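Please read the structure below before turning to the comments.
Both backbone and side-chain heavy atoms feed into the values below; hydrogens, waters and symmetry mates do not. Note that the structure is predicted; figures quoted are calculated from it, not measured.
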Amino acid sequence: MNQRARIAMPDDEVAAFIEGSRKMQLATINPDGTPHLVTMFYGLDEGRVAFWTYAKSQKARNLARDPRVSCLVEAGDDYGELRGVLVYGKAEQVDDRDRVTAVGLLVARRMTPGVPDELLLPYVETTGRKRVAYVVERTKVVSWDHRRLT
């Protein structure tokens, strides 16, 4: 077995890793072709990465032009502890206002664990008026867990 195959996570570990994290690095494509990279909180919509952002943000403008994204969730400080999942896909915009609110609630729950929905909902509804939401349809997933090297 080659080293790349040895450190790849099986599908159930990929799902658990994404479920157990709260932040990702989101890459979209700027008009000049350069990557636009930002840290985002995310939620999960039926196992798919979901996020929201202000409608006038650079990432929203980029996604309107080109929906391709890369989503990196990673952990570890030392080389032997590095773990990550890189999801490549297409960000599909959510247009329905109720679904935008639902995605916002998914994200807010992960940003503030343990806070009840009735306290989160006023924030989500207020900020959601200026936001758009996206759900990422995966095209490829790459994973690694350097703890498997020992």
Who are the ring-ring contact (aromatic ring centres under 6.0 Å, His included) partners of Phe51, not counting sequence neighbours?
-> Tyr134

For the pair Arg65 (side chain) and Ile29 (backbone), establish whether a donor and an acceptor sit closer than 3.5 Å, ignoring hydrogens and angles.
-> yes

Gln25: what forms a side chain to side chain donor-acceptor pair (under 3.5 Å) with it, not counting sequence neighbours?
-> Thr39

Starting from the C-alpha separation in whole Å, work towards a yes-or-no answer on side chain to side chain contact (heavy atoms under 4.5 Å, CB included) for Val69 and Leu63.
-> CA-CA 8 Å; Val69 295; Leu63 291 170; 3.4 Å; yes

Joint hydrophobic cluster, Phe41 plus Leu105, side-chain heavy atoms closer than 4.5 Å = yes

Residues passing the side-chain contact (heavy atoms from CB on, under 4.5 Å) test with Thr127, sequence neighbours excluded, are Trp52, Tyr54, Tyr123, Arg131

Listed partners of Arg61 passing salt bridge (charged side-chain N to carboxylate O under 4.0 Å, His left out), at least two apart | none

State which residues pass side-chain contact (heavy atoms from CB on, under 4.5 Å) with Pro10; sequence neighbours excluded, sorted by chain then number.
-> Asp12, Glu13, Arg148

Under the salt bridge (charged side-chain N to carboxylate O under 4.0 Å, His left out) test, residues paired with Glu19 that sit two or more places apart = Arg110

Report yes or no: do Met24 and Val38 belong to one cluster of Ile/Leu/Val/Met/Phe/Trp/Tyr joined by side chain heavy-atom distances under 4.5 Å?
-> yes

Linking I/L/V/M/F/W/Y whenever any side-chain heavy atoms sit under 4.5 Å apart, do Val141 and Val73 land together?
-> yes

Name all residues meeting the salt bridge (charged side-chain N to carboxylate O under 4.0 Å, His left out) criterion together with Arg147; count only those two or more places apart in sequence or in a different chain, and write none if there are none.
-> Asp145

Answer yes if Met111 and Tyr42 sit in the same cluster of Ile, Leu, Val, Met, Phe, Trp and Tyr residues linked by side chain heavy atoms under 4.5 Å apart, and no otherwise.
-> no

Find out if a path of hydrophobic residues (ILVMFWY) with successive side-chain heavy-atom gaps under 4.5 Å connects Val136 to Met40.
-> yes

In a check of side-chain contact (heavy atoms from CB on, under 4.5 Å) between Asp45 and each of Leu106, Val94, Val103, which one passes?
-> Leu106

Hits for side-chain contact (heavy atoms from CB on, under 4.5 Å) against Arg97, two or more places apart or cross-chain, chain-then-number order -> Val100

Please list, chain by chain and in numerical order, all residues satisfying side-chain contact (heavy atoms from CB on, under 4.5 Å) with Asn30, sequence neighbours excluded.
-> Asp32, Thr34, His36, Gln58, Asn62

Taking only residues two or more places apart in sequence or in another chain, which ones pass side chain to side chain donor-acceptor pair (under 3.5 Å) with Glu137?
-> Arg48

Partner residues of Arg68 under the salt bridge (charged side-chain N to carboxylate O under 4.0 Å, His left out) criterion, sequence neighbours left out = Asp66

State whether a side-chain donor-acceptor pair under 3.5 Å links Thr53 with Lys59.
-> yes

Check residues 77-88 and write down every donor-acceptor pair under 3.5 Å in which the side-chain atom is one partner and the other belongs to a residue at least two apart or another chain.
unit_1 : atom_1 : unit_2 : atom_2 : d
Glu81  : OE1    : Asp77  : N      : 3.3
Glu81  : OE1    : Asp78  : N      : 3.3

